[in-house]
Number of protein chains: 2
Amino acid sequence: MTADDAAPAAASTPPGRSADRVHEQVKAMAVTYRLRPGERVNEVELARALGVSRTPLREALNRLAAEGFLIATANRGYTVRPLDPKRVLTLYEYRAMLEVGALRLAAERATDAELAALEAFAERSRDEPDDDIQALRLLALDEQFHERLAQLSANEEMVRSLRSLNERVRFIRWIDMRKGRRPTTQQEHLQILRHLRARDAEAAAQLMTRHITRRLEEISEMIRAGFAEIYTDNALAAQAMGDVA
Amino acid sequence: MTADDAAPAAASTPPGRSADRVHEQVKAMAVTYRLRPGERVNEVELARALGVSRTPLREALNRLAAEGFLIATANRGYTVRPLDPKRVLTLYEYRAMLEVGALRLAAERATDAELAALEAFAERSRDEPDDDIQALRLLALDEQFHERLAQLSANEEMVRSLRSLNERVRFIRWIDMRKGRRPTTQQEHLQILRHLRARDAEAAAQLMTRHITRRLEEISEMIRAGFAEIYTDNALAAQAMGDVA
DNA sequence: GTATTCAGAACTGTATTCACTTTTCCCTCC
DNA sequence: GGAGGGAAAAGTGAATACAGTTCTGAATAC
């Protein structure tokens, strides 16, 4: 292994399957809507932009379609799945159900030590600075909290699904989170954990339901307020999203 | 297995993307374990057996990996995901949670007409013959019932997930179902629907939980009894599964 | 002015070829 | 006889070439 491998991959292509790298890159482009919904993905153009041939790109596109980020149409290639309001609500509803289900399992299975570790994490997160520019970092921390909590369910498939769901709603949550009403979020995380440590699954589940549902309502509001500005000129955001993700 | 077991290739290739066709074919081979877990998938051999080049085959393998049927390893291609007991329980647990969640939504959203239509379907299913050879057909009907019920939740993503889960546990359910204790199944389906028509979500949810959990216990039992014979010589079954799916 | 047709361009889907990695297996050495 | 080494074979990953479809736009008919 040479010293170059440690350097942040800028020009030289990092090792590993390029299809995997491309998969991540295109996913970031899709979830941040740098690739606009409804717009067809031009394979030769995108391949050239990413510095690979069409073959690994197509593998990535295939996977992304299987994961629900893209839509494949015969002889017409791929398009980014539009972020229509109905789908956002559907995904959020699913997420709520999934997280509450995982939480109930976690209440039975998590050890006290695991809960304590997660609590420490939640408290560290609370002390993060809250500059508006950090919204992305905060979102990442929030996702991590929910994922780690789901992991305590010891159900790998649920964790996998939650991760996928989070990726798919990340953009809209990011928009939402810039409105900076985070204190309650962090507070509720800690409270959920307290219920868990008391092994009160019911109380924890109810709080979690409220926790997610409240966001769902805010987002519904936002959607009603208008989608128009959402897709406009978020190249910078997209850049940042890619870095964090 | 030899290459010749696969579907006849030369015989008139149906229209449409061959990658899609191959995707279905290989999926059938994976879920029925004609491709044995742990065994590497030889791309050139399988491609030749299916009468296509490696390109569309690899697209199919990619998708199947994203869907959880296969595992991809760098520079070592794909293997069928093993059917270890822990994973079966995980998938079943997930399925139970998902179905109960969907059911609760269905209780709020389904119209009386929709429930009546599903009830008619359940009654037709009950009158199907029960020769042991029909176990596959009965399984298909059972899956259909549960999927249609989930559709009444009006949450497309949940339906999508359920479908995927069903495919992944289909094999083990088929083994289980040949023990022919179906009458209770059908009876419970109808009873769940009666609770729904009465808009008693709680009763319906509890019954559904029992309905699935009981199977989970039977399957756990079966797993304890030993997995050894499961993988042995089910070429015929595989054929039939492919036809039904 | 509008609709239609049809050839050429653009693009997707598949096959083939090339590059690189892993596995196999024979040979050597101890 | 067993361990290690190393070429050859086999296999995967990526690039290129080819085939078939869809899109575009100008010419033509009405």
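The shown structure was predicted, so the numbers you read here are calculated from the model rather than taken from an experiment. Chain A is the first sequence line, chain B the second, and so forth, proteins listed ahead of strands; every chain is numbered from 1.
Qualifying side-chain contact (heavy atoms from CB on, under 4.5 Å) partners for A:Val159, counting only residues two or more places apart in sequence or in other chains: A:Ala150, A:Gln151, A:Arg163. Shown here are the salt bridge (charged side-chain N to carboxylate O under 4.0 Å, His left out) partners of A:Glu156, two or more places apart in sequence or in another chain: B:Arg87. Residues forming a salt bridge (charged side-chain N to carboxylate O under 4.0 Å, His left out) with B:Arg160 (at least two apart in sequence, or on another chain): B:Glu157. In this structure A:Glu24 satisfies the salt bridge (charged side-chain N to carboxylate O under 4.0 Å, His left out) test together with A:Lys27, sequence neighbours excluded. Judged as a side-chain contact (heavy atoms from CB on, under 4.5 Å), and not counting sequence neighbours, the contacts of A:Ala19 are A:Pro56, A:Glu59, A:Arg63.
Heavy-atom distances under 4.0 Å link DNA chain C to A:Arg58 of residues 57-67 of chain A, given in residue order. Residues of residues 39-47 of chain A that place a heavy atom closer than 4.0 Å to DNA chain C, in numerical order, are A:Arg40, A:Val41, A:Asn42, A:Glu43.
Take the nearest nucleotide of DNA chain D for A:Asp20 and for A:Arg76: the residue whose nucleotide is more 5' is A:Asp20.
Cation-pi geometry between B:Arg215 and B:Tyr92 is not satisfied (NZ or CZ under 6.0 Å from the ring centre, within 45° of the ring normal).
Annotation: salt bridge (Lys or Arg N to Asp or Glu O under 4.0 Å) contacts involving residues 88-104 of chain A, sequence neighbours excluded, comprise A:Glu93-B:Arg109, A:Arg95-A:Glu99, A:Arg104-A:Glu202. Applying the ring-ring contact (aromatic ring centres under 6.0 Å, His included) rule to pairs touching residues 135-170 of chain A yields A:Phe145-A:His189, A:His146-A:His189, A:His146-A:His211, sequence neighbours excluded.
Between the side chain of A:Asn62 and the backbone N or O of B:Asn62, no donor-acceptor pair lies under 3.5 Å.
Across all strands shown, the partner of C:dT23 is D:dA8, judged by Watson-Crick or G-U wobble contacts whose two distances both fall under 3.5 Å.
The nucleotide range of DNA chain C contacted by chain A, defined by atoms under 4.0 angstrom from heavy atoms of the protein and reported 5' to 3', is C:dC11 to C:dT14. In the 5' to 3' direction, nucleotides of DNA chain D lying under 4.0 Å from heavy atoms of chain B begin and end at D:dG11 to D:dG13.
B:Glu147 and B:Leu162 make their closest contact through CA-CD2, 4.0 Å (heavy atoms, listed as atom of the first residue, atom of the second, distance). Closest approach of B:Ala106 to B:Leu149, counting heavy atoms only: CB-O, 4.1 Å.
There is a side-chain donor-acceptor pair under 3.5 Å between B:Ser161 and A:Tyr94.
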For residues 67-75 of chain A, tabulate all N or O donor-acceptor pairs below 3.5 Å that involve a side-chain atom, not counting sequence neighbours.
from, atom 1, to, atom 2, distance (Å)
A:Glu67, OE1, A:His23, NE2, 3.2
A:Glu67, OE2, A:His23, NE2, 3.2

